[in-house]
Amino acid sequence: MCGIVGYLGDNPVYPVLIKGLARLEYRGYDSAGISVIENGKLELYKCKGKVADLERHVNGKLQSGFVGIGHTRWATHGPPNDVNAHPHASDSGKLHIIHNGIIENYATLKEELINRGHVLKSDTDTEILIHLIEDIQMRERVDLLEAVRMALNGVIGAYAIVIIDADHPDTLIAAKKSSPLVIGIGEGHNEFYLASDATPLVEYTKNVVYLEDEEIAVVNRKTGLSIRNIKNQEKTPYIQELEIQLEVLEKGGYDHFMLKEINEQPASIRDCLRGRLQLQKGSVTLGGIKDYEQKLVHAKRIIFVACGTSYYAGLVGEYLFEDLARIPVEVEYASEFRYRNPIIGENDIVIAISQSGETADTLAAIELAKAKGATIIGICNVVGSSIARLTDAGSYTHAGPEIGVASTKAFTAQVTVLTLMALGIAHRKGSISDSKFHRSLVELDSIPEKVNQVLEVNAQIRDIANIYKDADNALYLGRGFTYPVALEGALKLKEISYIHAEGYPAAEMKHGPIALIDEEMPVFVIATKGASYEKVVSNIQEVKARKGKVIAIINYGDTVVKELADHTIEIPETDDCLVPLLSVVPLQLLSYYVAVMRGCNVDQPRNLAKSVTVE
Ligand code: AGP
């Protein structure tokens, strides 16, 4: 997954590109590069490392260009190094390209190009594409736009590309399929910003066009923006107004985006509920799925497909939909679902959960389900994302941009949407009583404030993190609604602090993992009051009997577990089905502080990217 930017206009291009790349570094940061037409010459600077390394590499040499492209990379083909960094140049050196995505048939194309005498310098699939485009331009004697169109008709895979041409400094050409690309339109309508998402554009313009799959855009200083698809059909640009504010993108005074986003959860959950939870009317309204409500009410089965944290949100969804709406649910890892030849039919409803809306496995899973006739509903955070646009209906989580690679506020927003969906369907089905429905709405409405209360134990959690920051392993235990939270807590710890951690159903300890318990093993247990509280207390006693260290999340005033555990973190009581929204927050904070104390890069953990748009 990579970040791409482009600019054509009247202002110096270098500052626009370098700042844009910095805003996109969460998409990948193992190398970076830019190409600018400076004093009539196409200049290329690229290197391994981060955007800051690129700035040092450029070292002030780019001052006067007005058109350029830039790229920050997450390697898919070829290791992170200078030569594999983007942009890549054609044989003549007159065409440079940046690319986010993957060209699946690049090996065949590479062989054909080499046979035709092309000299390739890198191991990347992207370089193949720009050589192919120039090859077609020369052989077919067509202009660059037509050569791009013809080339893309022969490409299999995903792409968001921008091409700069040394002979046409007043033009950039972009194209998109499966990877995101947005075009910002400047004030004068002869100024254009191109990027993987809206964050680099928001400080310059609010008017954007999201390219659709297989569309090619030309931005030209004189003729403006024109779009056609790869079948050569003209398309009318649909200009939308951006709602993201610039300050939202800053860290807001926190040390890391992740801590900011953990602390944003009262607001992001409130934003997710706004306009959907009507307490006075005693109703739930999810406008994005209203045409499918009856289909959901009568669903024989619902399948959640997702990856990572979003998969764990789907597990919470399983408990919610089965317990409240009495609908059979299956939760599938998208990467497994898409290849196991699943039995899917027109009566199935597949719900895709994805913060970025660009996760390749999730995208492919719903494409498969769609092809088999299932109804596809999306729960995404990024408006206009590929998954959002592929589904029949859906609900945005409205959590705002989540920059930290470790998902936090998106998870609680996903669970909030799933809770609204399950309660609304259950009420329409009559599988819960009116009184339980209304009581649940009142309790759900109190969750943002209760999350605020949970955030107040921040200092205590930091102290606990300091005690266990050097652990080599950790176990997370939960039961019922909090079993998925145990899995999510373990994922948070491992992905940002690099400590090996496992989430388990508390009762499963007896079937093997208890052999791991010793005085070195911290065991985080969600032990809030609810259906399985007494059982969890027994599980805690089993751990203590083997000298394990127990850190328990409990409700205010619980003296029983306080007696047993080595540390307790108190949170407000709530309905069983809403405990995930509260109990995950201490685990997010815990993983954050452990990672900081271990000197890890919290917002950009090693080997990870915010959105995995490749298989
Ligand atoms: C979660 O903290 C991770 N960053 C990762 O597991 C993530 O949830 C997963 O890649 C799915 O991403 P998505 O929600 O954007 O589809």
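Just so it is clear, the values below take in all heavy atoms, side chains as well, and ignore hydrogens, waters and symmetry mates. Each ligand, and each atom within it, is numbered from 1 in the order the structure gives. Sequence positions, counted from 1, serve as the residue numbers for this chain.
- Close approach to Ser407 involves these atoms of ligand 1, each under 4.0 Å from a residue heavy atom: 1 (C), 2 (O).
- Summarising the local packing, NZ of Lys549 is surrounded by more than 12 heavy atoms from other residues, nucleotides or ligands at distances under 6.0 Å.
- Within 6.0 Å of CD on Glu336 lie no more than 12 heavy atoms contributed by other residues, nucleotides or ligands.
- Polar contact with ligand 1: present for Ser310 (N/O pair, distance under 3.5 Å).
- At the top of the distance list for atom 2 (O) of ligand 1, counting protein heavy atoms only, stands Glu495 OE2, 2.4 Å.
- A cation-pi arrangement, defined by a distance under 6.0 Å to the six-membered ring centre and an angle within 45 degrees of its axis, is absent between Arg598 and Tyr498.
- Remark: of the listed residues Phe481, Tyr312, Phe304, Phe481 is the sole one forming a ring pair (Phe, Tyr, Trp, His ring centres under 6.0 Å) with Tyr319.
- Looking at atom 10 (O) of ligand 1, its nearest protein heavy atom turns out to be Val612 CG2, 4.2 Å.
- Scanning all protein heavy atoms for the shortest distance to atom 6 (O) of ligand 1 gives Gly308 CA, 3.2 Å.
- Counting heavy atoms of neighbouring residues, nucleotides and ligands inside a 6.0 Å radius, atom NZ of Lys372 exceeds 12 of them.
- The pair Lys409-Glu264 meets the salt-bridge criterion, since a charged nitrogen lies less than 4.0 angstrom from a carboxylate oxygen.
- Looking only at heavy atoms of the protein, atom 16 (O) of ligand 1 is closest to Thr359 OG1, 2.5 Å.
- Distance from atom 4 (N) of ligand 1 to its nearest protein heavy atom, with residue and atom name: Val405 O, 2.8 Å.
- Closest to atom 11 (C) of ligand 1, if we only count protein heavy atoms, is Cys307 O, 3.4 Å.
- Contact annotation: Ser611 has no heavy atom less than 4.0 Å from any atom of ligand 1.
- Around atom OH of Tyr210, more than 12 heavy atoms belonging to other residues, nucleotides or ligands sit under 6.0 Å away.
- Note: an N/O pair closer than 3.5 Å links Thr309 and ligand 1 by distance alone.
- Ring geometry for His71 against His86 counts as parallel: the plane angle stays under 30°, on a 0 to 90° scale with 60° as the upper cut.
- Set against the non-hydrogen atoms of Ala406, the atoms of ligand 1 under 4.0 Å away are 2 (O).
- Residue contacts with ligand 1 include Lys492, since one or more of its heavy atoms lies under 4.0 Å from the ligand.
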